[in-house]
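Below is one structure, written out as structure tokens; the observations come after it.
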Amino acid sequence: MAKNLVYDIHDKPKFPQLIVFAIQQLLAIMAATIAVPAIVGNGMTASAALFGAGVGTIVYQLFTKFRSPVFLGSSFAFIGSMVAAFAGAVSASAGFAGLIIGAAFAALVYVVIALVVKFAGVNWINKLMPTAVIGPTVALIGLSLAGAAVNDVFSYGAKVTFGTSSFFIMNPAIWVSFICAIVTFIVVICVSTYGKKMTKLIPFIIGILAGYAVAMIFTVIGYAANIDAIKVIDFAPFKALVDGGVSLKTFVAVPEFTFMEAIKGVKEIDGAYLATVAVAYVPVAFVVFAEHIADHKNLSTIIDKDLLEDPGLHRTLLGDGVGSVAGAFFGGCPNTTYGESVGCVAITRNASVATITTTAIMAILISFVSPFVAFLDSIPGCVMGGVCITLYGFIAVSGLKMIQKVDLEDNANLFTVSAILIPGIGGMAMSIGKVYITSIACALILGIIVNIVLNKGRKPSIEE
């Protein structure tokens, strides 16, 4: 067992603890997983995406022989591709079919790369993306999410722009949102640092419950005093359950799976539409591949085991690719390894694959349980913002710890790291046709190019 872990990969916590740990992982990945279908719209549902994430994670675990403790959730990188699938379709049903076909195109990219890795090994990847490239990229993944975390913290306030800067006006609504977020944040870090035994392993659950309780107090006061600004919790998800009366659907409902609608639109698909979907998905798959490498190298440092060697990059790629198809088949969203999940492993020091697998099973089961889905939907953004500060912060710090191993006295390494951090933090993103290249992808590509140019013909140092 790695000395910094409470539970190693093959450890199995006792069943009651396992359930609690799984709920915590679920809460960590929940907000992002259900946000993707909400952003894309077109009839996509959170419950179906949640089911697809659970199935995709199990597929990933099967391919990796249950040796990689990471959860697969809805990928933000493919949002533009998913929107393009709907925009280019002649009907909504054809658009749903396009989501599945697009995920299959992306998976094909993973399969091809996995085959290359299987026969050529991973040394070429280590040369292409050494620590000087991967370290700042991992840090950038966390830093790029900083704005999202802060926006969640102030989710009930208005942002204004002054010159080139944007800031929030501290009105009553923002103060309430800020207090809920800070309570959540403080509870998470205190429990994680000073907690004893079981409590130390579930800081997110305790933090979210604390933040939710504070939000509930403000909301009750808001309704009692008729002050809309402090009604932090939205009870609409619960109200929707009983609209039209209490029935079986109030408690149990089958998610609206993507394939059920896609079947209706298969006949409306032609060659031109297939080409549109391919162009929208395939380039993004290469971008997500780079993020896949970064996530697994980051996780490898946390668990003190090289996942690119065991279970092997070819297995993680196949698991990610086929898991994405499974996720899209049921929920429409291609899946990807989640930084939130990696951050949860790092903070709780629980790398048990049994926990991840239980989380996947739980995600599948609760997608049918209407009240629980409603509760998750009702968790205020400011509460999740308090949690995300810690999660995204750990991702960023993990990358910075990797950079510590790099000799920054060497200009080749110094400029490589700089070429990734500054464009990435500055938001250097671009759109080429229908293909949207994220700032992380642009920064990574630039870093790889700079690393190759500056290190051509040189022997790699020990740090690299």
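This chain uses plain numbering: 1 for the first residue, then up along the sequence. Computed over heavy atoms, backbone and side chain alike; hydrogens, waters and symmetry mates excluded.
- Ring centroid separation for the pair Phe96 and Phe86 comes in under the 6.0 Å cut-off.
- Nearest heavy atoms, Ala103 versus Ala328: CB-CB, 3.4 Å.
- Under the rule for a side chain to side chain contact (heavy atoms under 4.5 Å, CB included), the partners of Leu143 that lie at least two apart in sequence or sit in another chain are Ala396, Ile425.
- Separation of atoms CG (Asp8) and CZ (Arg349) is listed at 12.5 Å; rounding is to 0.5 Å.
- Between Leu72 atom CG and Asn335 atom CG the span is 5.0 Å, to the nearest 0.5 Å.
- Residues satisfying the side chain to side chain contact (heavy atoms under 4.5 Å, CB included) test with Ile422, not counting sequence neighbours, are none.
- For the salt bridge (Lys or Arg N to Asp or Glu O under 4.0 Å) test, residues two or more places apart in sequence or in another chain that qualify with Lys239 are Asp243.
- A donor-acceptor pair under 3.5 Å links the side-chain atoms of Ser300 to the main chain of Lys305, judged by distance alone.
- Put simply, the side chain of Ser192 never gets that close to the backbone of Val188: no donor and acceptor are under 3.5 Å apart.
- Of all the heavy atoms in Ser341 and Pro69, the pair that sits closest is OG-O, 4.4 Å.
- Asp295 CG to Leu307 CG: the interatomic distance, rounded to the nearest 0.5 Å, is 11.0 Å.
- Not one N or O on the side chain of Asp320 forms a donor-acceptor pair closer than 3.5 Å with the backbone of Leu317.
- Remark: Glu256 engages no residue in a side chain to side chain donor-acceptor pair (under 3.5 Å) (not counting sequence neighbours).
- The stretch residues 204-233 participates, sequence neighbours left out, in these ring pair (Phe, Tyr, Trp, His ring centres under 6.0 Å) pairs: Tyr212-Phe375.
- To the nearest 0.5 angstrom, Ile100 atom CD1 is 13.0 Å from Phe105 atom CZ.
- For residues 24-56, the set of pairs meeting the ring pair (Phe, Tyr, Trp, His ring centres under 6.0 Å) definition, not counting sequence neighbours, comprises Phe51-Phe257, Phe51-Phe330, Phe51-Phe368.
- Taking each heavy atom of Ser68 and Leu299 in turn, the nearest pair found is OG-CD2, 4.3 Å.
- Residues satisfying the side chain to side chain donor-acceptor pair (under 3.5 Å) criterion with Tyr281, sequence neighbours excluded, are absent altogether.
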Next item on the list: Kindly indicate, with the supporting measurements, whether the criterion side-chain hydrogen bond (donor to acceptor under 3.5 Å, both in side chains) is fulfilled by Thr355 and Tyr7.
Entry: CA-CA 10 Å; Thr355 298; Tyr7 290 102; over 6 Å; no

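- Of all heavy-atom pairs between Ala294 and Thr137, the closest is CB-CG2, 4.3 Å.
- Within the model, atoms CG of Leu50 and CD1 of Ile366 stand 4.5 Å from one another, a figure rounded to the nearest 0.5 Å.
- The side chain to side chain contact (heavy atoms under 4.5 Å, CB included) search around Leu400 returns Ala139, Ile403, not counting sequence neighbours.
- For the side chain to side chain contact (heavy atoms under 4.5 Å, CB included) test, residues two or more places apart in sequence or in another chain that qualify with Thr357 are Gln61, Phe66, Val353, Ile361.
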Check: How far apart are the C-alpha atoms of Thr337 and His292, what are their side-chain angles, what is the distance that settles it, and do they pass the side-chain hydrogen bond (donor to acceptor under 3.5 Å, both in side chains) test?
Finding: CA-CA 7 Å; Thr337 50; His292 176 101; 4.6 Å; no

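- In this structure Ser93 satisfies the side chain to side chain donor-acceptor pair (under 3.5 Å) test together with Glu261, sequence neighbours excluded.
- Within a 6.0 Å radius of CE in Met260, no more than 12 heavy atoms belonging to other residues, nucleotides or ligands are found.
- A side-chain hydrogen bond (donor to acceptor under 3.5 Å, both in side chains) check over residues 359-376, counting only residues at least two apart or in different chains, returns nothing.
- Taking Asn226 as the reference, nothing meets the side chain to side chain donor-acceptor pair (under 3.5 Å) condition, with sequence neighbours excluded.
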